[in-house]
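Here the structure comes first, spelled out in structure tokens, and everything after it is commentary.
None of the values given here were measured: they were computed from a predicted structure.
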Amino acid sequence: YLTFSRLNTKGKVKLNGRNYNVVGTSWFDHQKLNLPKHSSLNGWDWFSIIFNDNTELMFFILRNKKGVVKNFMGGTYIDKNSKTINLLQEDVDIEVISTWVSPKTKISYPSGWNLKIKRLNLNVNVIPEVKNQEINRIPTTPINYWEGACLVRGKKAGKKIQGQSYVELTGYDKRFSTQFLQSFYR
């Protein structure tokens, strides 16, 4: 997995025939993991968070059909001086606090999380900015998934903290048609 966070960004956006100059910060990442053929892995939940105190967090959970795969949960915390702290499964407590069912596909996705990391004295909620951020890829790949922007609010070391997050959820599509199509790709 390759990540470049907090990239200075500027450019132009054309919207409704008008050009707008934009300036901001971008996050670039490149996923190198795809599920191997004949893998027992069924999907993953991936969280990338940029906090307003200039710290960052990336966290992932890999799942098989029975749930979380032991020892396949972890991540990295980056402090404001770019020092990294590796996070293991036992460092993180994550709980789904809400779900959303797609009106189009009827797939049920987690749609809100409470994330606690005692080691960092961190307790935050991650809430989608828009519930419906489902990606319908059936015309090109046999996978529907949820991927989108979230707001982060909570406390770190007893002080209020907030941030922005991007979350990716795969492996929640249990429909027969999707399972059948996936069998040709695995």
Passes side chain to side chain contact (heavy atoms under 4.5 Å, CB included), V22 versus K12? Steps please. CA-CA 6 Å; V22 293; K12 293 183 182 204; over 6 Å; no
Would you name the heavy atoms of T99 and S108 that are closest together and state the gap between them? CB-OG, 4.2 Å
Between D173 and T105, is there a side-chain heavy-atom distance shorter than 4.5 Å? no
What residues form a salt bridge (Lys or Arg N to Asp or Glu O under 4.0 Å) with R153, not counting sequence neighbours? none
Is a side-chain N or O of K131 found less than 3.5 angstrom from the main chain of P128, in a donor-acceptor match? no
Got F51 and Q162 here, is their nearest side-chain heavy-atom distance under 4.5 Å? no
How long is the gap from CG on L115 to CG on N125, to the nearest 0.5 Å? 9.0 Å
Check the hydrophobic clustering (I, L, V, M, F, W, Y; side-chain heavy atoms under 4.5 Å; chains of links allowed) and say if W100 and V96 are grouped together. yes
So do the side chains of I85 and T76 get within less than 4.5 Å of each other, counting heavy atoms only? no
d(L122 CG, I49 CD1) to nearest 0.5 Å is 7.5 Å
Mind checking whether I161 and L57 sit in one hydrophobic cluster, side chains of I, L, V, M, F, W, Y counted as touching below 4.5 Å? yes
Treating Ile, Leu, Val, Met, Phe, Trp and Tyr as nodes and any side-chain heavy-atom pair under 4.5 angstrom as an edge, say whether L88 and W46 lie in one connected cluster. no
Between CG of L120 and CG of D91, what distance do you get to the nearest 0.5 Å? 8.0 Å
Contact summary for I117 and V92, nearest pair of heavy atoms: CG1-CG2, 4.0 Å
Contacts of type salt bridge (Lys or Arg N to Asp or Glu O under 4.0 Å), residue E56, not counting sequence neighbours: R6
Of all the heavy-atom pairs spanning V130 and W146, show the shortest one and how long it is. O-CZ2, 4.0 Å
Under the rule for side chain to side chain contact (heavy atoms under 4.5 Å, CB included), what residues qualify as partners of S82, not counting sequence neighbours? none
Can you tell me how far apart OH (Y166) and CD (E147) are? Round to the nearest 0.5 Å. 3.5 Å
Residues that D53 engages under salt bridge (Lys or Arg N to Asp or Glu O under 4.0 Å), provided they are two or more places apart: K156
Could you give the distance from CG (L7) to NZ (K10), rounded to the nearest 0.5 Å? 14.5 Å
Show your reasoning for whether side chain to side chain contact (heavy atoms under 4.5 Å, CB included) applies to N144 and I107. CA-CA 9 Å; N144 278 331; I107 299 168; 3.8 Å; yes
So E168 and W44, do their side chains get closer than 4.5 Å, heavy atoms only? yes
With the side chain counted from C-beta on, respond yes when I127 and V152 share a heavy-atom pair under 4.5 Å apart, and no when they do not. no
Got a donor-acceptor contact below 3.5 angstrom from the R63 side chain to the T170 backbone? yes
Residue among Y172, Y109, Y145 satisfying side-chain contact (heavy atoms from CB on, under 4.5 Å) with E134: Y109
Are N132 and S102 side-chain neighbours, meaning at least one heavy-atom pair lies under 4.5 Å? no
CG on D45 to CD1 on I94, rounded to 0.5 Å: 7.0 Å
Which pair of heavy atoms, one from N86 and one from R119, lies closest together, and at what distance? O-NH1, 3.0 Å
Aromatic ring proximity W113/F47, centre distance under 6.0 Å: yes
N8 atom CG, neighbour heavy-atom count above 12 within 6.0 Å: no
Donor-acceptor under 3.5 Å (S165 side chain, S48 main chain): yes
With sequence neighbours excluded, tell me which residues meet side chain to side chain contact (heavy atoms under 4.5 Å, CB included) with N121. A157
Kindly state each residue pair satisfying salt bridge (charged side-chain N to carboxylate O under 4.0 Å, His left out) with at least one member in residues 75-89, sequence neighbours excluded. none
ILVMFWY network linking M58 to I78, side-chain heavy atoms under 4.5 angstrom: no
Scanning both residues in full, the closest heavy-atom pair of G75 with F60 reads N-CE2, 4.2 Å
